[in-house]
2 protein chains.
Amino acid sequence: MAGTGRASGGVEAAPASQQGMRRQNLAVVMGAVAAHGPLSRADVAGQTGLTRPAVSSLVDELIARRALTEAETAPSGRVGRPGRALALNDRGPAGLGLEIGVAHLAACVVDLRGAPRVWRRVEQANAGRPAGQVLAEAAALGAEAESEAAVLGLWVAGRVMAVPGVVPDGPGGLVANAPNLGWQTVRPADHWPDPDAVPEPENEANLGALAEQRQQGRPAETFVHVSAEAGIGAALVLGGRLFRGARGFAGELGHLPVHPEGPPCPCGARGCLEQYAGEAAVLREAGLAGAGDPVALLTRRARAGDAATLRALDRAGRALGLALASAVNLIDPDALVLGGAYAELADWLLPPVRAELAARVTVRPWPPEAVRPSALGRRGPVLGAAWSTVHRIISDPAQLPAF
Amino acid sequence: MAGTGRASGGVEAAPASQQGMRRQNLAVVMGAVAAHGPLSRADVAGQTGLTRPAVSSLVDELIARRALTEAETAPSGRVGRPGRALALNDRGPAGLGLEIGVAHLAACVVDLRGAPRVWRRVEQANAGRPAGQVLAEAAALGAEAESEAAVLGLWVAGRVMAVPGVVPDGPGGLVANAPNLGWQTVRPADHWPDPDAVPEPENEANLGALAEQRQQGRPAETFVHVSAEAGIGAALVLGGRLFRGARGFAGELGHLPVHPEGPPCPCGARGCLEQYAGEAAVLREAGLAGAGDPVALLTRRARAGDAATLRALDRAGRALGLALASAVNLIDPDALVLGGAYAELADWLLPPVRAELAARVTVRPWPPEAVRPSALGRRGPVLGAAWSTVHRIISDPAQLPAF
DNA sequence: GGGTATTTGTAATGGCAAAAAACAAATTAG
DNA sequence: CTAATTTGTTTTTTGCCATTACAAATACCC
């Protein structure tokens, strides 16, 4: 995965060297500045446990690598020589996020502080079109965003692309399957015009979850991020790290058996959650035909008080709550986040979801507020894609080129 | 948790020091010897990437700490000076495992190589008795085992106790709730006669999972270990590490909603797995009264071909398969292990479990052999308790006293 | 059987990074 | 203006691994 490192696991640890020590301490300093705002060298020493001379040396290197900058000395108000504030460089390395959606392309660039500085979004239907064509357009959008970022003094140090599909582990950068786009084993590198700017693909639900984690001030360490586009997927963040499963298939929430003898699902089973809370099922139950943006349509009808729509949403919410009850009993997260289309329908989905959870999560305390809509909505995946590069740099600044 | 370290997570990493480097490299050497049998210093250097002089120095220290021993020089057959074989010391530090079951006490001591050297087991009913009394008897059993181990040249470097209940995180060593024993917020330290020999409590299902992981030659990195005693619990091993959830409640498989409108459960919900695959439910469905060992009774009846018993077990297996289908779709493990009582009933449970999984896990390949009975059966938890100390020593030998 | 090549383990040396100690610089308190 | 305090750097020390060199123990070859 991009940014947080794929699960390593195993007993076979690498030996520690002096370079490794240096590398880790660079990351420690970087992390302290990232987490606790502008700090002086002495503050960093106090926070991390490193000595002041060590911090000085590390900071020198981080400044040389354009990761940190020295701000002007702030009037501290306390006695003694004032420290010189260190902050993450907002005119240095940056992360590019791309997104290929069913109905849009998006790009954004964020600086090291995490602030989005460049936005691009194009509404266009991508389903069924040749992958090479779509990727070329995404590349053009990304190049535009990069050149606009260059004007702001930013240079892109990493590129990650959100796609609505399965992205297996491994260095290949392969999209194994993206049914809503009609993609099968597509390798972006094969179609990208600039071979030095090929982005690493990643599942959009995973990136949305990373974005959500960052968005929270004190992020939930362990949570489940549910995201509905055409299918229903969940991303698991466990102990602060994205968990992808043994084969990269974790989070297939849409095929949890909700009513064992329920309606058949194209997957071959019966009573899967998608048959109750999937986009097609909700539209069918509400008696609507899917013209235009189905989420907007549902929102309009629900707000107007249409009985069939409200009934369909309630049914979807109860089924979702049932599936999430299984997730909570298994995983014991401290939060559930509804993202994607569910975030926009939260007004109608949350009550039945919370009711089911209250009834079915009984062996541990479960406050209803633990399930909440995503704060980022549709921008989550792009932001997560861009942020994941920033996260990678902050957790290992040694990979930046020295000047 | 005992042995593998509780989830640390978070961005706040500790700074690396030279002592830390040394510490890690001691563990690297130790891990290489533990994983790949007897090795010479040169072999270790080749395997780990450390240089021979570094390995020499590290090995000296490990020998001084009684973690490694030098065996006699083996006739290698190759040209050149033969290396001196290093092996884990089987006359040095050891791990004590204790177990408090509903109907027994158990203790065992394993040496650094993982071999059990001392066994103790007492069949006795512990449910409902005063915790202090039971703990005193367990302490006596443990002391016996320790003194027998001393005769073999082993000294106990850590003590872990398996209990059928909830053990929250934190240093306290607290058993929050063990319904089958009738314990509520019991702190072993308060009742232990020898304050220097207080064991750290840990949930028995978790320890059983650790034991299972070690038992496998090439251990499954990510698997779910289902264990049925009176309740149904699951331990999750994700990426090689035990996962306990945000609050320590992960793996409450028994209360996954299997049939949403099913029979009411004491937990307050309806249709929980325990109402189909729990001990009480199976006995009721089979028309049996719980006299004596209920698992032995069920096995006997099933072997005799009793129709009601077979029907009850089939029903339990299908419900279990349904719940496990949810687990597989969510977690994407590469194996499911049936432990505890389920291991002994595997002949009758496996077919329906596998059938349900085959029908309901469709979005990823799922070979039926991926679900298998535990190889250790009832000894899993004690062994896991003892092994967890060994694991702790191997992954950080610096904590051993120097001589 | 003796010499040579090969491999192992140790000893001496060097380099690197952080810790410790000492010091210069910049501010506030009086 | 002086003393106290805090910051950041310079210098020295310490600890550990890498490199190099070397002694020891075996197999191979003649």
Side-chain angles (χ1 to χ4, degrees), chain A residues 13-30 32-33 38-65 68-87 397-398 402, chain B residues 13-29 32-33 38-64 68-87 397-398 402:
Chain A
S17 63
Q18 296 185 111
Q19 289 97 309
M21 183 165 76
R22 181 79 177 174
R23 203 178 168 106
Q24 179 173 339
N25 284 339
L26 286 170
V28 165
V29 171
M30 200 68 183
V33 175
L39 294 176
S40 70
R41 289 167 175 77
D43 291 336
V44 172
Q47 288 246 352
T48 61
L50 290 160
T51 60
R52 286 200 303 282
V55 171
S56 264
S57 158
L58 292 162
V59 164
D60 284 350
E61 183 168 345
L62 289 171
I63 289 178
R65 291 181 190 274
L68 293 181
T69 46
E70 235 174 14
E72 264 321 288
T73 163
S76 69
R78 291 208 319 280
V79 65
R81 169 177 168 175
R84 281 190 295 179
L86 299 165
Chain B
S17 63
Q18 295 186 116
Q19 289 96 311
M21 183 164 75
R22 180 80 176 175
R23 204 178 168 106
Q24 179 173 339
N25 284 339
L26 285 169
V28 166
V29 171
V33 175
L39 295 175
S40 71
R41 290 166 176 77
D43 291 337
V44 173
Q47 288 245 354
T48 60
L50 289 160
T51 59
R52 286 203 303 281
V55 171
S56 263
S57 158
L58 292 162
V59 164
D60 285 350
E61 183 168 343
L62 289 171
I63 289 177
L68 292 182
T69 46
E70 236 175 15
E72 264 320 287
T73 163
S76 68
R78 289 208 320 279
V79 64
R81 169 177 169 177
R84 282 190 293 182
L86 299 165

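Letters go in sequence order (proteins before strands), and every chain restarts at 1. Quantities reported herein were computed from a predicted structural model and do not represent experimental measurements.
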- Note on the structure: Between Q18(A) and M21(B) the two heavy atoms that sit nearest each other are N-SD, 3.7 Å
- Task: Sequence neighbours left out, what passes side-chain contact (heavy atoms from CB on, under 4.5 Å) with A27(A)? Give chain and number order.
- Result: P397(A)
- All side-chain contact (heavy atoms from CB on, under 4.5 Å) counterparts of E70(A), not counting sequence neighbours: R41(A), R84(A), L86(A)
- Query: Do V44(B) and R52(B) have side chains that get closer than 4.5 Å, going by heavy atoms?
  - Reply: no
- Rounded to the nearest 0.5 angstrom, the CD1-CG distance for I63(B) and L58(B) is 11.5 Å
- Task: Search all heavy atoms of A14(A) against all heavy atoms of V28(B) and return the closest pair with its distance.
- Result: O-CG2, 3.6 Å
- Query: Does any non-hydrogen side-chain atom of R65(A) lie less than 4.5 Å from one of E61(A)?
  - Reply: yes
- Note on the structure: Nearest heavy-atom approach of P38(B) to A85(B) is CB-CB, 4.3 Å
- Measure from the side-chain N and O atoms of N25(B) to the backbone N and O of A16(A), and report whether any donor-acceptor pair falls under 3.5 Å. yes
- Task: Given side chain to side chain donor-acceptor pair (under 3.5 Å), test S57(A) with D60(A) step by step and report yes or no.
- Result: CA-CA 5 Å; S57(A) 158; D60(A) 284 350; over 6 Å; no
- Message: Restricting to non-hydrogen atoms, name the atom on A45(A) and the atom on T51(A) that form the minimum distance, rounded to 0.1 Å.
- Response: CB-C, 4.1 Å
Taking only N/O atoms, report every protein-nucleotides 28-30 of chain C pair under 3.5 Å with atom names and distance.
none

- Does any residue of residues 18-26 of chain A have a heavy atom under 4.0 Å from DNA chain C, and if so, which ones, in number order? Q18(A), M21(A), R22(A), N25(A)
- Heavy atoms under 4.0 Å, any strand shown: does T51(B) hit a base, just sugar-phosphate, or nothing? base
Produce the list of close N/O pairs, under 3.5 Å, pairing protein atoms with atoms of nucleotides 9-12 of chain C; give distances to one decimal.
unit_1: dG9(C); atom_1: OP1; unit_2: R84(B); atom_2: N; d: 2.6
unit_1: dG9(C); atom_1: OP2; unit_2: R41(B); atom_2: N; d: 3.2
unit_1: dG9(C); atom_1: OP2; unit_2: A42(B); atom_2: N; d: 2.8
unit_1: dG9(C); atom_1: O4'; unit_2: R81(B); atom_2: NH2; d: 3.3
unit_1: dG9(C); atom_1: N7; unit_2: R52(B); atom_2: NE; d: 3.4
unit_1: dT10(C); atom_1: OP2; unit_2: R41(B); atom_2: NE; d: 3.4
unit_1: dT10(C); atom_1: OP2; unit_2: S56(B); atom_2: OG; d: 2.5

- Query: What heavy-atom pair brings V59(A) and V29(A) nearest, and what distance separates the two atoms?
  - Reply: CG2-CG1, 4.1 Å
- Message: Going 5' to 3' along DNA chain D, which are the first and last nucleotides with any atom under 4.0 Å from a heavy atom of chain A?
- Response: dT5(D) to dC16(D)
